[in-house]
Amino acid sequence: MIMIATAVVGVFVFCLFFVWYRKPNNFPPGPRGFPLVGVAPFLGKFPEKTLAKYGEKYGNVISIRLGPKPCVVLNDLEAVTEALVKQGESFSGRPHNAIISELSQDYGITFIDSGDLWKTQRKFGLATLKKLGVGKQSMELTINEQISILMNKFKALNGKPFEFKEMIRKCFANSTCVVLMGCGYPYDHPTFEAILSNLPEGLAAVTIPFLRHFPPFRKPYQRVLKKVETLRGIIKDVVEEHKVAFNHENVRDFIDYYLIEMKTNREGFKEEQLHQYIMDLLVGGIDSSVASIGWGVISLIHNPGIQEKLRKEIDQVIGDCSPSMSHEQDMPYMRAFIQENHRFKTLAELNVPHCTKNRVKIFGYEIPKGTMIFTNIWNVHNDSRVWKNPEIFNPERHLDENGKFVKSSHVIPFAVGYRSCIGKILAKFTLFLFFTNFLQKFVVLADPHDQLPSYDKDPKSTFSSPYPYPVIVKER
Ligand code: HEM
């Protein structure tokens, strides 16, 4: 009896091992890791760096097992362009993931699979952001208005140390709220504080969803779920207020434009979809800009010489005028600084995962429909074939011998192709207007009672973001 049981268990384990070990035909090469968890235990604190190392051994398109499923990693710009741009439609899906489904209820834009619903929602989103002034002077005024409130707060601090990230978060949350909801809030408004404290953080268990049921992943998952439900409740209330105040003659914001589509019963435009869409824009829009500015200010503190050069350029080009996007053309050093900031600290190191919509061929390999795809944006930004000493922050690398700015196709913080970021222009305006306004008026220093702020990333954030850090800003 014991022998039969042992044989049955043995056959079962063998089958499990066989199923796990088997690769689809002509699948890209790569490490297999352990049954059930794949390479997850080997990825370490910096999965993007480990995957880049695998790339050195196996090539620019590699396969890994993460959990029970085979996945593919695009490890350099050539592979990223081939997949996300040249074969963009085939690579535009989003993988089905139990955690994401529970959190997003399969609505919104960021996590829904590409198809008719995603296409109409994305088209609507891009067109509406444009109608609301994104990319135009009216948006510039909105952002500058919020930045000017922030600058006055800096001034009032009179050289006292303060926590930088939390302060700027309020400013950029407000400019996002103006676009989406039509109003900015006083910084201590309860709704505003509730929005900010309930923006969900990143989840370690997201790539292997069953882990959410077990410690140590269960508690963080429950916390994020609660935050998402609270945030959804706040958004529902804001939408209800919009319905009551709606006026066809005065369409104010993203929600109003969405309500118009709902009134015509346009397919796919319904209330749950609107709630999650706003949530996706708040989550995608606020902490990304805050993280990028947060890293940039750390680099300014670490490199006072770069700060000085930027101020000199601001004095020459803008003087005492109000900074505007029209100044950008004449500011090669500022553009180089911002491009280097995007390169040096990649916010979405492995991008939001994609998934193949059909069977695809790439560089002779075959990838079945439904395979999860990671884009190693970090490795594009740190590829030593392209970047000399990539670990050094150096804006000069983006200037030619005449001091002209060189836009690089190897800097892709917003990803590329069908699913690339829809808030790219808004983010571009925000970063440029923040750094020009800030350095026109202030010098930023580390708190002398503290260490220099660290380049380590805070594991709690959705995007790669610094830990909170204190600074001193002194008026020039
Ligand atoms: C520095 C700032 C930002 C960075 C680095 C960034 C980066 C990204 C990346 C890497 C993606 C995934 C692209 C892909 O799946 O291939 C993405 C998607 C997205 N971003 Fe951003 N983003 C930023 C700012 C914003 C802002 C300001 C908004 C909106 C207000 C926004 C809204 C979105 C949305 C809705 C998506 C999903 C698009 C889709 O799935 O079709 N992002 N972003």
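Note that ligands are numbered from 1 as they come in the structure, with each ligand's atoms numbered from 1 the same way.
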My understanding is that only one of [options] makes a ring-ring contact (aromatic ring centres under 6.0 Å, His included) with [X]; could you say which?
{"X": "Phe438", "options": "Phe154, Phe337, Phe432", "value": "Phe154"}
{"X": "Phe393", "options": "Tyr455, Trp387, Phe344", "value": "Phe344"}
{"X": "Tyr277", "options": "Phe111, Phe254, Trp118, Tyr107", "value": "Phe254"}

Could an N or O of ligand 1 be found under 3.5 Å from any N or O of [X], whether backbone or side chain?
{"X": "Asp280", "answer": "no"}
{"X": "His354", "answer": "yes"}
{"X": "Ser420", "answer": "no"}

**Study point:** Option from Asn60, Thr81, Asn376 for which side-chain hydrogen bond (donor to acceptor under 3.5 Å, both in side chains) with Asp76 holds
**Key:**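 Exactly one option meets the side-chain hydrogen bond (donor to acceptor under 3.5 Å, both in side chains) with Asp76, and it is Asn60.
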Quick one: which ligand 1 atoms are inside 4.0 Å of a heavy atom on [X]?
{"X": "Gly285", "result": "26 (C), 27 (C), 28 (C), 29 (C), 30 (C)"}
{"X": "Val352", "result": "12 (C), 15 (O)"}
{"X": "Arg94", "result": "14 (C), 15 (O), 39 (C), 40 (O)"}

To the nearest 0.1 Å, how far is [atom] from its closest protein heavy atom, and which atom is that?
{"atom": "atom 6 (C) of ligand 1", "result": "Phe414 CD2, 3.6 Å"}
{"atom": "atom 5 (C) of ligand 1", "result": "Pro413 O, 3.6 Å"}
{"atom": "atom 36 (C) of ligand 1", "result": "Thr110 OG1, 4.0 Å"}
{"atom": "atom 43 (N) of ligand 1", "result": "Cys421 CB, 3.1 Å"}
{"atom": "atom 39 (C) of ligand 1", "result": "Arg122 NH1, 3.5 Å"}
{"atom": "atom 13 (C) of ligand 1", "result": "Arg419 O, 3.2 Å"}
{"atom": "atom 11 (C) of ligand 1", "result": "Asn351 OD1, 4.1 Å"}
{"atom": "atom 32 (C) of ligand 1", "result": "Gly423 N, 4.0 Å"}

Exercise for review: Could you pull out the closest heavy-atom pair between Lys165 and Ser465, with the gap in Å?
Suggested key: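 Scanning both residues, the minimum pair turns out to be NZ-OG, 3.1 Å.
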Check your understanding: Atom CD1 in Ile109, atom CD in Gln273: separation rounded to 0.5 Å?
Key ->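 Going from the CD1 atom of Ile109 to the CD atom of Gln273 covers 8.5 Å.
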Practice item. Test the Lys49-Phe46 pair against the cation-pi criterion, namely NZ or CZ under 6.0 angstrom from the six-membered ring centroid and within 45° of the ring axis. Key: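 Checked: cation-pi criterion met.
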Exercise for review: Pick whichever of Ala427, Gly88, Ser464 has a heavy atom sitting closest to atom 2 (C) of ligand 1.
Suggested key: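 Looking at heavy atoms only, Ala427 sits closest to atom 2 (C) of ligand 1.
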Practice item. Kindly identify the option in Ala415, Ala291, Ser288 whose heavy atom sits closest to atom 24 (C) of ligand 1. Key: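 The option holding the nearest heavy atom is Ser288.
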Exercise for review: Report yes if the distance between the aromatic ring centroids of Phe124 and Phe269 is under 6.0 Å, otherwise no.
Suggested key: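 Yes, close enough.
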Practice item. Run the numbers on Glu366 and Arg359 for salt bridge (charged side-chain N to carboxylate O under 4.0 Å, His left out), then give the verdict. Key: CA-CA 7 Å; Glu366 286 180 45; Arg359 190 172 184 80; 2.9 Å; yes
Exercise for review: Examine ligand 1 and decide if any of its atoms is less than 4.0 Å from a heavy atom belonging to Phe111.
Suggested key: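 Contact absent.
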Practice item. State if Lys424 counts as touching ligand 1 under the rule of any non-hydrogen atom under 4.0 Å. Key: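 Per 4.0 Å heavy-atom rule, Lys424 does not contact ligand 1.
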Practice item. Using a cut-off of 6.0 Å, state whether more than 12 heavy atoms not belonging to Lys428 lie near its atom NZ. Key: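 No, the 6.0 Å shell around NZ holds no more than 12 heavy atoms from other groups.
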Check your understanding: How about Phe164 and Val297: do any of their side-chain heavy atoms sit closer than 4.5 Å?
Key ->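 They are in contact (side-chain heavy atoms under 4.5 Å apart), so the answer is yes.
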